[in-house]
Amino acid sequence: DIQAQKVGCQAGTVSVTNVPVTNPGSVGSYTITWSNDNGSGEVYIVDDDQVTINANVEQTMVFDLNLGTASTDTSSAPYTLDLGILSPTLAIGSDDSLQDGIWVDIGTNASSGVVITVKSANSALQSSSVPTDEIASGAVADTTEGYGICVASGGNGIPNATEGTLTADAAFDYGSCSATAWDVGTLTGSTQTIFTSGSAPIFEGQAQIRVAASISSTTPAHDDYADTLTFIATATY
């Protein structure tokens with residue numbers, strides 16, 4: 001709206017009164033007049049020059065697994081991690097400097113972040129030829145049957161991200177996740193959370209998962225003990 005002013009001049013006084021004027025609907029020059037002193041003013045009505053800007057950001061997600069001793073190692077599916085020959089006198093695991101670990105790479109612009117879960121097919125290292133013979137998931141120590149996974153908490157295996165935060169779930173995040181003391185989390189056979197991004201987007205998140213096992217002197221001899229771990233990343237947009 002245009003606000004026109006009515007101005008009256010008298011000896012020694014000036015009075016101003018605001019008078020609302022509705023803009024015309026068409027572009028052009030218009031004259032505004034007032035009657036008490038035959039005054040007038042001219043205004044020019046122009047078109048609306050607003051521009052609405054639209055843009056689209058697509059949903060993105062990167063999730064990859066690799067086997068290796070370093071974060072830069074690459075591999076292709078199907079993945080097989082070989083713990084080698086187990087001995088009752090020495091617990092064996094995928095220490096980052098000794099054997100391959102499982103490297104997780106994750107990134108997503110999901111506003112509520114991502115959750116990575118793991119599920120064990122057998123809850124144990126199970127013999128395929130004699131399924132009743134198995135190394136149940138549990139504490140790993142010399143001379144004791146056990147099997148599990150843990151998230152490396154030191155060196156280049158610690159969870160990190162270029163942007164955002166990658167955090168290991170408490171069930172698998174241990175201060176000792178190396179050959180000095182395999183403090184592993186137990187695999188239950190159900191879906192278990194292993195990483196989260198704190199309900200926020202994450203870019204270039206990375207961490208190493210180590211696998212460890214131990215046996216007793218009476219663990220049955222087989223060369224086909226195995227388990228399958230399924231990792232699933234779920235982002236919430």
Side-chain angles (χ1 to χ4, degrees), residues 54-79 81 93-97 99-123 137-140 146-213 227-237:
N54 292 322
N56 178 42
V57 177
E58 294 186 341
Q59 299 172 352
T60 62
M61 182 172 174
V62 174
F63 178 50
D64 187 32
L65 299 178
N66 287 296
L67 300 183
T69 58
S71 60
T72 55
D73 291 345
T74 59
S75 58
S76 300
Y79 307 102
L81 194 157
S94 54
D95 194 335
D96 65 340
S97 61
Q99 288 181 305
D100 288 349
I102 303 171
W103 289 92
V104 175
D105 296 299
I106 186 69
T108 179
N109 64 354
S111 57
S112 296
V114 66
V115 175
I116 301 176
T117 60
V118 60
K119 184 175 182 179
S120 166
N122 305 319
S123 303
S137 186
V140 172
Y147 156 63
I149 63 175
C150 54
V151 176
S153 57
N156 64 358
I158 193 169
N160 63 79
T162 302
E163 295 181 31
T165 302
L166 183 65
T167 303
D169 189 84
F172 301 102
D173 183 17
Y174 291 101
S176 180
C177 185
S178 67
T180 56
W182 288 110
D183 196 359
V184 300
T186 300
L187 295 161
T188 64
S190 60
T191 298
Q192 297 169 271
T193 297
I194 187 168
F195 294 110
T196 66
S197 68
S199 300
I202 186 169
F203 179 63
E204 292 186 343
Q206 189 175 68
Q208 187 196 51
I209 300 167
R210 296 175 182 171
V211 184
D227 188 23
T228 299
L229 301 181
T230 301
F231 295 90
I232 298 176
T234 304
T236 303
Y237 291 88

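- In the model, Gln206 has a side-chain atom that pairs as donor or acceptor with a side-chain atom of Asp105 under 3.5 Å.
- Among all heavy-atom pairs drawn from Phe231 and Val118, the shortest one is CE2-CG2, 3.6 Å.
- Listed by chain and residue number, Gln126, Asp227 satisfy the side-chain contact (heavy atoms from CB on, under 4.5 Å) test with Asn122 (two or more places apart in sequence, or in another chain).
- Inter-residue side-chain proximity for Tyr79 and Ile102 is flagged as unmet; no heavy-atom pair is nearer than 4.5 Å.
- Considering every non-hydrogen atom in both Val184 and Gly138, the closest pair reads CG2-O, 3.6 Å.
- Legend: residues meeting side-chain contact (heavy atoms from CB on, under 4.5 Å) with Pro201, ordered by chain and number and at least two apart, are absent.
- Ser123 places a side-chain N or O within 3.5 Å of a backbone atom of Thr188 that can act as its donor or acceptor partner.
- Put simply, CG on Asn160 and CG on Leu166 are 7.5 Å apart, with the number rounded to the nearest 0.5 Å.
- Annotation for Ile116 and Ala233: closest pair CG1-CB, 4.1 Å, computed over non-hydrogen atoms.
- Ala168 and Phe195 make their closest contact through CA-CD2, 3.8 Å (heavy atoms, listed as atom of the first residue, atom of the second, distance).
- If you take CG on Asp173 and OG1 on Thr167, they are separated by 8.5 Å, rounding to the nearest 0.5 Å.
- Considering all non-hydrogen atoms of both residues, Ala235 and Met61 come closest at CB-SD, 3.8 Å.
- Of all non-hydrogen atoms in Ala152 and Pro159, the two that sit nearest each other are O-CD, 3.6 Å.
- Applying the side-chain contact (heavy atoms from CB on, under 4.5 Å) rule to Thr191 yields the partners Thr117, Lys119; only residues at least two apart in sequence or on another chain are considered.
- Interatomic distance, CD of Gln192 versus CG of Leu229, reported as 10.0 Å (0.5 Å rounding).
- Taking Ser76 as the reference, nothing meets the side-chain hydrogen bond (donor to acceptor under 3.5 Å, both in side chains) condition, with sequence neighbours excluded.
- Here Thr162 pairs with Phe203, Glu204 under the side-chain contact (heavy atoms from CB on, under 4.5 Å) rule; sequence neighbours left out.
- Qualifying side-chain hydrogen bond (donor to acceptor under 3.5 Å, both in side chains) partners for Thr60, counting only residues two or more places apart in sequence or in other chains: Asn109.
- Rounded to the nearest 0.5 Å, atoms CZ (Phe172) and CG (Leu187) are 5.5 Å apart.
- Using modelled atom types, no side-chain atom of Thr236 and backbone atom of Ser112 make a donor-acceptor pair closer than 3.5 Å.
- Counting heavy atoms from C-beta outward, Leu65 and Val104 have side chains that approach closer than 4.5 Å.
- Interatomic distance, CH2 of Trp182 versus SG of Cys177, reported as 6.0 Å (0.5 Å rounding).
- Residues Ile202 and Thr108 have side chains in contact (heavy-atom distance under 4.5 Å, counting atoms from C-beta outward).
- Side-chain contact check for Ile106 versus Ser197: every heavy-atom pair is 4.5 Å or farther apart.
- Taken to the nearest 0.5 Å, the CD1 atom of Ile209 stands 10.5 Å off from the CH2 atom of Trp103.
- Two residues are said to be in side-chain contact when any heavy atoms from C-beta on lie closer than 4.5 Å; Asp73 and Asn66 fail this criterion.
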